[in-house]
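If you read the sequence from its start, that first residue is 1, and numbering goes on from there.
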Amino acid sequence: MRRRRAAWLLSFALTLPAWAEPGGAQVTEQAEPPSRSVAMEDEVWPRVTDPAESPSRSAAMEDEVSPRDGARVTEQAELPSRGGMTEDTRPLKERVSSLERAGVLLRGAAASDETLVREVEAGLSALPPAMRRFPGGPLEFVLHPESAPLGLGDGTAARPDWSEERARFHLYQYAPSSERRATLRLSRLTDEESARLWRRRAVVHAVVQRWDDVYQWSRSQSWRRLSGWMKPFERPLVWKEEARLHYAGAFSRALGQKSASQDLVTFAEEYFVPVESLREDALSVDEQVRCQEFSKSRALTELVEATGLGAPRSRGDCPAFDAWAELDLLSHVEVLLVAATGRQPESLFGHLLLRPVWSEGAQVRGPSFERVVQLVALTGLEPRGLGYVVKGMTGSYDTVFLTGTMGDLTHESLELEQRTIRRFRLRLTRGEEARMLERIWELERRGYMGYYFFTDNCASALLFLLNGVLEHGRQVSPPGALWVLPTATLDALAKLEVLGKQGPAGPLLELIPDAFESTGDRAVRADAIRRETLESLTGLVDTSALTRLLRLHARLQSPEPDTRREAYGELPETVSGVLASASPKARASVRETLHAYVAHAVRVERAALDRLEGERLRIERQRLLAVKTPLKGSAEAGIRERQRVFEREDALQRKLAVLDRTALFQEALAMAPRRPPTPKELKVLVRAERTEAAFVRATEAQGELNDGVLAEVDAVAFLGADRRRKVEAETRCAASALRESGAARTVVSVGMDFPDVGAARPVVSVRTAGMAEALGDSRLHGFQSSSELRVLDGELSLEPRWGPPRVVSTDMTLVGYRTLQRELPQFRESAWDSLGWGAEARVASDAARALPYRATVQAEALVVVDAGARFSRFTAVGVGGLARMHWSEHALTPAAGPRLSLTHRTGLPGSGANAVRLEAAYAPTWRMGDARLTHEAGAWLQVEWWLGRAGPFGVLLTPRAQVRWEGSLAPQSLRESRSPSSWWSGTMDRRLALGLELR
């Protein structure tokens, strides 16, 4: 077969005509890749393949059509073409025959259409020389008399694009198209120029499709990841090949949305035959495809180069992008985690953003103007409620990529929501950092994906963005199929070892121990520091003056803003009196201490104002009457308007797009009608006004003191020292904290059960959890240590024996949450604000019970008796209630009753994971049908000890002892016996176990 093919190639090469030289072209046989040869750049026409060859996609075909096996034309004149070159003056019949000998067949009307012949020649000339030698046998172009949009088929039976197994490509008379994306950048072309453009693109389409059939470029990960192409069943509910990007503007034309292959081929049309190839002034430089589709352009040229068909070309200058990207000043790229507050369940899972960081150049940019990339669902101004939640879970919103400013983020997250933002550095190479900015540029304009709260959220959007950037085929897989948590996504990024631009290998993600502190967390820190400053004044100032300041401090902690405002009015006089009472030797130290006290007091007051401002905006949102108006407030209207703004780069650069969601809401709020506030809402609005007055008075007092008796204190030095103190505390905490979050945990335990009836028995337990983070856990990628979250946290206990093991018990927490976070005294509006709280839903089974199955829902208020820094040590008492359903195959019994609990944790030396935990609970329940209460009590004691890392795994040892009792108190025998053992009856189970967890 190879001998026949070589002989055929040689005979064809000897008969290859000359296009411009009367002496003809000299042909030699060459085995090396034609695309690697300088002479090959002058080659014009494709190799004619054997008509007997089948256009199949077999591996054997790839060997037969590889340019590495073909003949190389060494002397040949370039093809005359349009766009500045001379016209081909050869007779039409001769040109058609030459095309036929080169493998391009024109039949019927196509052979007699000189314009078509010219554009076929021009379309082939637009391709790299080696790509013109397409595989798959002769390619026939058929021209139909009827018209079609763009002169191309649509794949239907009435208007096919291909037939005869990719041997025949169908063309139609050109007609304008209503497809917006395909014609968006053609507005300056005449109809004749547009027709010529699409004729050339049709040729490129057919040839590139042939190459893709052989080399499967569109199946490569480097191409598929750019639009998020998924194969059938690659993800749940994906039944056919589809792309995650669903916006038509993300594809060269609508046909590209059907498959990854059509996406590649239609993009190749636009890439090899851009609009400016017809007329240079048809598009501005920034509108051209090379300055809009950086990633696809690079992927296509790299695929072509990898198969020896051509070398990638430089994209050239793109003024708008180059000015925006400032690649020479780019320092690094950060991932930001907007952490949960602890008391707001709606913010529980956190939120991820991206932050490129630039070094300061000639133009100074303030911190508020630094850029951040939001990965958010664009929900418009739709009201929050059940419908809002359902839409968020069912894909009714779109995930978009917004480039905003740190000022917007600070206002929304740090101030209104009071959520601290943790920072993580991405270890990227210089090339990856440049591609990151290119992807952000592209996706901000065309990146629209369906939003699903559990699977397609900010975390999956970050992975989509990042996977389109990483080099050498590296990919970060989603941390789950049924849900993608932001914290688990950080785990996945940190597990990937890469070689960064600095040289040494390390994890792709690493913590920066300098979080952007929310005003709420800063207030907590400030409140602790100002208590320390008051204590440090003891012995340095007069006792009576200090007592007056302490009394004033108590008033500054009042939850009533009017009381605090009056106290701030007295602050300058009180501070001046304290300073005057200090000895001359201690006066400088006392002055700095008082300056710190005043500054931290104002920080606390600022947090109070931000909290009420967030409440005020929430109330105003609810008061809006026109918020549901489709033209102004809907998510769909917002998407359409945003897509319109980003369609044209020249118009976009002249328009400042308002992307801050808070600013959009406030703009709509100023114009929209709204209902009168309810009495409860009016109370909050009045409180917000009074809090603002207190903050104004606080700043006035601070200004008066800083201009007066505290003027000698260096305020800049104070701010620098305060920041260093914060960073040092975060660094110490990070040094002992666990890196991984509590997502996807598995613990295997072996132990012994000691039941009341029968002998001791061995037991093996397997505990798995979708998420399990306990109170006091300190995790770099996890929640705050003041919170506990358990989701799908289940334990299966088995008794090993000959044959199948026996199931002893099961226990599954569907969802459980507890928090010990409390409000500062001045923020408390009710007794509830001074308490923690918890709730959970769980199901369990135990073969030893008369009714073996139970489902429980419980809630409790938590009184924090004692707590250390970051809750590494705490003791809390819980008071609440539960409702339960007991059942068996023959009975169903509901029950309810109160519940008391005790939770304690003591941190141990070493890792932050080392601790002793004790939990105990007691619940008397009244079961329907019983004449008395059934009492249940249980307790467990567990030691957690981090053994360190063994290769890629971390090892946690968890020995545990537990006891559980269920029965009745004061039975009938109590009247006859005074023995303590007779005060209760029932069953008691005891267990000792040793658990081991690998992370």
Side-chain angles (χ1 to χ4, degrees), residues 222 225-228 245 249-250 285-302 312 314-336 352-363 365 367 369-376 399-406 408-409 423-449 458 461-472 474-476 493 498 500-502 508-509 512 646 649 652-653 656-657 659:
S222 63
R225 67 187 183 181
L226 299 181
S227 297
L245 295 182
V285 173
D286 293 317
E287 296 279 345
Q288 295 175 9
V289 65
R290 66 182 179 85
C291 291
Q292 286 291 312
E293 297 286 359
F294 304 107
S295 300
K296 284 187 174 181
S297 298
R298 179 183 292 104
L300 178 60
T301 54
E302 288 178 352
S314 173
R315 68 167 171 85
D317 293 333
C318 297
F321 170 77
D322 294 339
W324 174 85
E326 298 180 290
L327 290 174
D328 293 339
L329 297 177
L330 183 64
S331 171
H332 62 277
V333 181
E334 295 178 4
V335 174
L336 305 181
L352 295 179
L353 304 91
L354 203 63
R355 177 181 178 239
V357 180
W358 284 267
S359 302
E360 189 171 299
Q363 180 180 0
R365 182 187 293 115
F369 293 95
E370 293 180 351
R371 282 164 276 181
V372 293
V373 182
Q374 292 262 24
L375 319 171
V376 295
T399 299
V400 297
F401 298 78
L402 306 180
T403 299
T405 65
M406 275 300 298
D408 299 336
L409 181 63
R423 302 168 58 193
F424 301 87
R425 186 193 305 268
L426 283 172
R427 189 189 297 266
L428 301 176
T429 65
R430 291 300 299 176
E432 289 171 337
E433 288 178 345
R435 282 193 285 277
M436 176 68 76
L437 294 184
E438 292 174 353
R439 284 294 282 166
I440 292 171
W441 177 270
E442 298 165 347
L443 292 174
E444 185 178 21
R445 287 150 177 76
R446 294 172 288 280
Y448 294 86
M449 301 182 290
C458 62
L462 174 64
L463 293 181
F464 174 77
L465 171 61
L466 187 58
N467 282 333
V469 169
L470 294 178
E471 297 174 333
H472 309 303
R474 290 194 296 263
Q475 295 284 288
V476 183
L493 296 176
V498 299
K501 58 188 175 184
Q502 277 78 25
L508 175 61
L509 190 83
I512 299 176
F646 278 99
E649 196 65 42
L652 176 62
Q653 296 305 316
L656 178 61
L659 301 177

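- A side-chain contact (heavy atoms from CB on, under 4.5 Å) with E438 is found for exactly one of E433, R298, E293, namely R298.
- Between A325 and L437, the shortest heavy-atom contact is O-CD1, 3.5 Å.
- Side-chain atoms of T429 and E471 include a donor-acceptor pair closer than 3.5 Å.
- For the pair L327 and L329, the minimum side-chain heavy-atom distance is 4.5 Å or more.
- L353 contributes atom CG, which lies 9.5 Å from atom CG of L462 (distance to the nearest 0.5 angstrom).
- Residues R427 and V498 share a closest heavy-atom pair of O-CG2, 3.4 Å.
- Counting heavy atoms from C-beta outward, E370 and R355 have side chains that approach closer than 4.5 Å.
- Taking CG from L354 and CG from L426, the interatomic distance works out to 6.5 Å, rounded to the nearest 0.5 Å.
- Contact check for F294 versus R435: no side-chain heavy atoms found under the 4.5 Å cut-off.
- Here the side chains of I440 and W324 are in contact, with some heavy-atom distance below 4.5 Å.
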_side-chain contact (heavy atoms from CB on, under 4.5 Å) between D408 and Q374, worked out_ = CA-CA 11 Å; D408 299 336; Q374 292 262 24; over 6 Å; no
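- Ring planes of F321 and W441: perpendicular class, angle over 60° (limits at 30 and 60°).
- E287 contributes atom CD, which lies 11.5 Å from atom SG of C318 (distance to the nearest 0.5 angstrom).
- Between R474 and N467 the shortest side-chain heavy-atom distance does not fall below 4.5 Å.
- In this structure, CG on L352 lies 11.5 Å from CG on L465, to the nearest 0.5 angstrom.
- Taking the six-membered ring where the residue is Trp, the centroids of Y448 and F401 are separated by 6.0 Å or more.
- For the pair Q292 and S297, the minimum side-chain heavy-atom distance is 4.5 Å or more.
- Using a cutoff of 4.0 Å between basic side-chain nitrogens and carboxylate oxygens, E334 and R425 are not scored as salt-bridged.
- Of the inter-residue distances, the one linking L226 atom CG with R439 atom CZ reads 5.0 Å to the nearest 0.5 angstrom.
- In this structure, a donor-acceptor pair under 3.5 Å is absent between the side chains of E302 and S222.
- Atom CG of D317 has 12 or fewer heavy atoms from other residues, nucleotides or ligands within 6.0 Å.
- Rounded to the nearest 0.5 Å, atoms CG (D328) and OG (S359) are 10.5 Å apart.
- Taking both residues in full, the closest heavy atoms of L245 and G447 are given as CD2-CA, 3.8 Å, listed atom of the first, atom of the second, then distance.
- Nearest heavy atom pair, residue R430 against residue S331, reads NH1-O, 4.3 Å.
- No side-chain heavy atom of L336 sits under 4.5 Å from any side-chain heavy atom of F424.
- Side-chain contact between V376 and T399 is absent, with no heavy atoms from C-beta onward closer than 4.5 Å.
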